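Just dropping this structure here.
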Number of protein chains: 2
Amino acid sequence: MAERRSTQAPHSARAELTDALYDFFQAARRARGRAAGDMAGGLSLAQYHVLEPLGKGPRTNRELAELAGISAPTATRIVDGLLDRGWVSRVADPTDRRAVVISLTETGRGALTKKQREYVARRRQIADALDPHEQEVAAGLLRRLAAVIEEL
Amino acid sequence: MAERRSTQAPHSARAELTDALYDFFQAARRARGRAAGDMAGGLSLAQYHVLEPLGKGPRTNRELAELAGISAPTATRIVDGLLDRGWVSRVADPTDRRAVVISLTETGRGALTKKQREYVARRRQIADALDPHEQEVAAGLLRRLAAVIEEL
DNA sequence: TATTGTTATACTCTATAACTATA
DNA sequence: TATAGTTATAGAGTATAACAATA
């Protein structure tokens, strides 16, 4: 393999990784598309991204918007939907009456936990394609790639 | 490092990779979000996914829908938008007058090529975070992970 | 005045159902 | 009848601008 690249570089490691990243992102996009409207679990991706931070405790609307990377009105709308399903509560903050405190209900915690377990199971399935040594290498590489992507 | 796992497995390679996959997908999601409404380049992600197959030649509406993983009416609507911008043409197929043939215009090919180059440049930036040997390893791992994700 | 949240409005992407034209 | 495409309709997710309440 390496000898083919000793005199020329028609397929440099850099170019191969660039291509592999394309394939990987494509695969992730398609998987995401398959899961995006996943109302089977009763929880859309956008709702999940708002619900997830609530797993660690109550948050204001502004905080949720920031954590989910969406605008405040969008957060309001998504929380409206979660309220309709009884997954969250929204009450005025007694210490700052401009703000609202959004919290998970018991039902909501159940739905969130169920979804989180599904996602963990899916990631484990992916991880299981590699042997233990490869898993260790892959974890390190993915962490570094994630850091670079964040900085982009 | 390995000795810590010799007697117990609180952080097995599998669990570490599962976590790393979470971080990586999160980073990719945020990057995607930043680019999704990217009308700066004048080309939304959905439009790009329809335009891309046209780079290899004309396609019917049904083919485009299938390749982009969307319904036929959605493809029609997106093609409507691309027509408005003068990036594609849509003419009746002479051999089967139920069908339409959608093709890139010169302007459209320019926009597509420009976007493709942007994406390649971004993936190269990511690849450049690793040294050549790591790039080779990473390419192989990502290809295998992509295959698993597709099968999920 | 500045901040927090909501309402009003609008646009994109998405789908299903109904319809037209052609095979 | 079956297929290709479009139109009609609906709903989620997204944003910005305007507004109300509170700090």
Side-chain angles (χ1 to χ4, degrees), chain A residues 29-52 54 58-85 87-103, chain B residues 29-52 54 58-85 87-103:
Chain A
R29 171 175 86 86
R30 281 192 284 263
R32 187 165 204 76
R34 290 193 294 269
D38 175 349
M39 301 307 285
L43 192 50
S44 77
L45 223 39
Q47 287 175 324
Y48 178 75
H49 293 139
V50 167
L51 215 54
E52 194 185 34
L54 293 177
R59 298 283 185 270
T60 65
N61 191 275
R62 182 185 59 68
E63 287 169 340
L64 281 187
E66 218 162 79
L67 292 165
I70 58 184
S71 69
T74 299
T76 295
R77 177 172 300 202
I78 291 178
V79 168
D80 285 344
L82 296 173
L83 275 167
D84 287 347
R85 291 159 192 259
W87 285 340
V88 302
S89 65
R90 182 169 55 191
V91 301
D93 182 339
T95 71
D96 180 347
R97 283 163 52 216
R98 291 171 305 179
V100 292
V101 177
I102 297 145
S103 316
Chain B
R29 170 174 88 85
R30 281 193 284 262
R32 187 167 204 75
R34 289 194 295 268
D38 175 349
M39 300 307 284
L43 193 50
S44 78
L45 222 40
Q47 288 175 323
Y48 179 76
H49 292 140
V50 167
L51 214 54
E52 194 184 34
L54 293 177
R59 298 282 186 273
T60 66
N61 192 276
R62 182 185 58 69
E63 287 169 340
L64 281 186
E66 218 162 79
L67 291 166
I70 57 183
S71 69
T74 298
T76 295
R77 175 169 300 202
I78 290 178
V79 168
D80 286 345
L82 296 174
L83 274 168
D84 287 347
R85 292 159 191 258
W87 285 340
V88 302
S89 65
R90 181 168 56 190
V91 300
D93 181 340
T95 71
D96 180 346
R97 283 165 49 217
R98 292 172 305 181
V100 293
V101 177
I102 297 145
S103 316

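Keep in mind it's a predicted model, so treat the numbers as computed, not measured. Throughout, a chain's letter reflects where its sequence line sits, starting with A, and its residues are numbered from 1.
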*Give the rounded distance in Å between these two atoms: CG of A:L45 and P of C:dC13.*
18 Å
_Contacting residues from residues 91-102 of chain A, given that a heavy atom lies under 4.0 angstrom of DNA chain C_ = A:R98, A:A99, A:V100
*Would you say B:R59 and B:I102 make side-chain contact, with heavy atoms under 4.5 Å?*
no
*Protein-nucleotide distance (B:Q47, atom CD; C:dT12, atom P), rounded to Å*: 9 Å
*Could you give the CZ-to-C1' distance, from B:R77 to D:dG5, as a whole number of Å?*
14 Å
_Gap between atoms CG and P, on A:D80 and D:dG11 respectively (whole Å)_ = 16 Å
*Look at the side-chain N and O atoms of A:T76 and state whether any lies under 4.0 Å from the OP1 or OP2 oxygen of C:dT6.*
yes
*Identify the two heavy atoms, one from A:V79 and one from A:R90, that lie closest to each other, and give their separation to 0.1 Å.*
CG1-NH1, 3.6 Å
*N or O in side chain of B:R90 less than 4.0 angstrom from D:dG5 OP1/OP2*: no
*asked:* Just the rounded figure in Å: distance from P of C:dC13 to OH of B:Y48.
replied: 16 Å
_Please give me every residue in residues 59-73 of chain B whose heavy atoms get under 4.0 Å of an atom in DNA chain C, ordered by residue number._
B:I70, B:S71, B:P73
*Can you list the steps and then say if B:R98 with B:T60 is a side-chain contact (heavy atoms from CB on, under 4.5 Å)?*
CA-CA 10 Å; B:R98 292 172 305 181; B:T60 66; over 6 Å; no
*Testing A:V50, A:L64, A:L51 for side chain to side chain contact (heavy atoms under 4.5 Å, CB included) with A:V88, which one passes?*
A:L51
